[in-house]
Amino acid sequence: MVKTTIAKFSVDYLQILNEKGTLDKKLMPNLTKSQIIWMYENMILTRVVDEKMLSMQRQGRIGTFAPVKGQEACQIGIIAALDKKDMIFPAFRETAAHIAFGLPPENLFIYYAGDERGSKTDKNFFPIAIPVATQLLHAVGYAWGAKIKKDNVAVVVFFGDGATSEGDFHEAMNFAGVFKLPVLFVCQNNQYAISVPRKLQSASETLAQKAIAYGFDGIQVDGNDVFSVYKAANDAILNIKKGKGPCFIECITYRLGDHTTSDDASKYRSQKELQEWMKKDPILRLRDFIMKNKYLSRLDEEKLQDKVKLQVEDVVKKAESIEAPNVEDIFKYTFKEMPWNLKEQLDDLRESMKDG
Ligand SMILES: Cc1ncc(C[n+]2csc(CCOP(=O)(O)OP(=O)(O)O)c2C)c(N)n1
């Protein structure tokens, strides 16, 4: 009998600015002061939008909403490494990615108020995907098309730790690996899929290692350190654009808020655990770095916070001032030709609206 090791694998973990504020200068990517301030501004803008959404949901002005608090660095670090020609496939918690990629923030308020027009954009950003992991197949299909057309773009797909248990995830990873597709898989491991903790999601030591089984690289990064996320994304995007195939980034992070506005995370997470992660808040970490390096004075930073708050008030005004959508839209866009039963219901609706 012959027994030899035919393959060995390892998974790297990347952290550049740690929770104590110590910077690993050797690993620090080349970022200008204005790029770092751009990251910070987008992070605080996202935080204010998130808080506003929560209060508006409680007032009945928008519907169910999934807060992103705590995950801003995972998304903004990725977006910072992209080009406008690249294509993004979000899940339902990608508020930071939406804002940083330059989509109007008011679209989010419009969408969450139940108006599909909030999904319309001329940017390369797919509509929000509520069914878990479906967007991975859309992304891979798009990437396959891009490869056939020889478009030099990267396709980025965001998803959570829970999505890695879906068949769609494995099918997407397999096709991406086999056809060496230009896809960056961004798994935001925020430790929970609603109430299911990460350790019950998968027996794998890391989620990043799942990429290895499909024939490409996976790396784990500190998802609350925007510099680590940016560096991993930038390296991956360079390789993707050289035609080297897909990459998987597992961002270790934490959802500081509830799963959605219909959830109460205190039922399944301890206050102590939450407090520990609050200390690792990605915004606090970047703010400390910015202040320590005197990129902004205390006054400039306060002014920036005020500017962002006013901006969000304007955004909400804009979102709430658009004309209501046509009720008849409910009946359109699902079938090429409207079936008889929908036609009947549409006629009933028209009649009832005539009555007043
Ligand atoms: C196919 C499908 N199954 C179940 C659900 C209900 N659901 C919504 S979010 C969620 C958990 C998702 O967890 P994860 O992928 O880790 O993302 P996170 O919510 O943590 O961002 C579930 C089960 C759904 N939306 N789609």
Side-chain angles (χ1 to χ4, degrees), residues 11-19 24 27 29 39 42-43 46-47 50 66-82 88-101 132-133 135-136 139 154-165 169 173 183-193 197-199 201-202 204-212 216-237 240 246-257 259 276-286:
V11 177
D12 288 338
Y13 174 76
L14 181 66
Q15 186 183 51
I16 298 174
L17 181 65
N18 73 14
E19 42 279 74
D24 188 329
L27 291 174
M39 286 171 164
N42 276 281
M43 280 164 90
T46 303
R47 187 64 64 92
D50 213 50
V68 71
K69 185 177 179 185
Q71 298 179 215
E72 296 88 347
C74 304
Q75 299 176 17
I76 289 166
I78 300 284
I79 299 295
L82 302 183
I88 298 168
F89 288 79
F92 44 75
R93 203 184 295 285
E94 273 61 69
T95 304
H98 175 114
I99 291 173
F101 202 57
V132 172
Q135 75 279 16
L136 283 105
V155 178
V156 177
V157 56
F158 288 99
F159 52 97
D161 39 301
T164 65
S165 295
F169 166 82
M173 295 277 283
V183 189
L184 176 58
F185 293 91
V186 182
C187 178
Q188 296 173 83
N189 173 1
N190 64 8
Q191 312 306 324
Y192 289 89
R198 157 64 184 89
K199 67 174 186 305
Q201 196 62 247
S202 169
S204 300
E205 196 174 337
T206 70
L207 297 175
Q209 75 200 56
K210 293 186 185 284
I212 296 167
F216 54 96
D217 285 343
I219 184 172
Q220 202 179 61
V221 306
D222 179 345
N224 287 12
D225 165 21
V226 73
F227 300 147
S228 300
V229 179
Y230 171 78
K231 182 173 166 42
N234 207 39
D235 293 350
I237 298 289
I240 285 171
C247 183
F248 185 106
I249 301 177
E250 176 187 0
C251 300
I252 303 296
T253 186
Y254 195 81
R255 158 167 64 72
L256 291 173
H259 170 71
E276 282 308 309
W277 278 96
M278 291 273 225
K279 291 184 209 152
K280 299 184 198 169
D281 185 330
I283 296 190
L284 297 182
R285 205 179 304 181
L286 187 59

With side chains defined as the heavy atoms from C-beta onward, is the minimum distance between [X] and [Y] less than 4.5 Å?
X      : Y      : answer
Leu184 : Ile249 : yes
Tyr254 : Lys280 : no
Phe159 : Val132 : no
Gln188 : Arg93  : no

Gap between atom [atom2] of [Y] and atom [atom1] of [X] - 0.5 Å precision:
X      : Y      : atom1 : atom2 : answer
Asn224 : Trp277 : CG    : CH2   : 5.5 Å
Gln220 : Gln209 : CD    : CD    : 9.0 Å
Ile16  : Leu27  : CD1   : CG    : 5.5 Å
Phe101 : Ile88  : CZ    : CD1   : 4.0 Å
Leu136 : Phe158 : CG    : CZ    : 12.0 Å

Donor-acceptor pair, [X] side chain versus [Y] backbone, under 3.5 Å?
X      : Y      : value
Arg255 : Val68  : no
Gln201 : Asp161 : no
Asn189 : Glu250 : no
Thr95  : Thr46  : no

Distance-only donor-acceptor check, side chains [X] and [Y], under 3.5 Å:
X      : Y      : answer
Asn190 : Thr253 : no
Lys210 : Thr164 : no
Gln15  : Asp225 : no

Check: So does Arg47 pair up with Glu72, basic N to acidic O under 4.0 Å?
Finding: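 Salt bridge between Arg47 and Glu72, a charged N being under 4.0 Å from a carboxylate O: yes.
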Check: Are more than 12 heavy atoms from other residues, nucleotides or ligands located less than 6.0 Å from atom CG of Asp217?
Finding: no
Note to self: Among residues at least two apart in sequence or on other chains, which ones pass side-chain hydrogen bond (donor to acceptor under 3.5 Å, both in side chains) with Lys231?
What the structure shows: Asp235
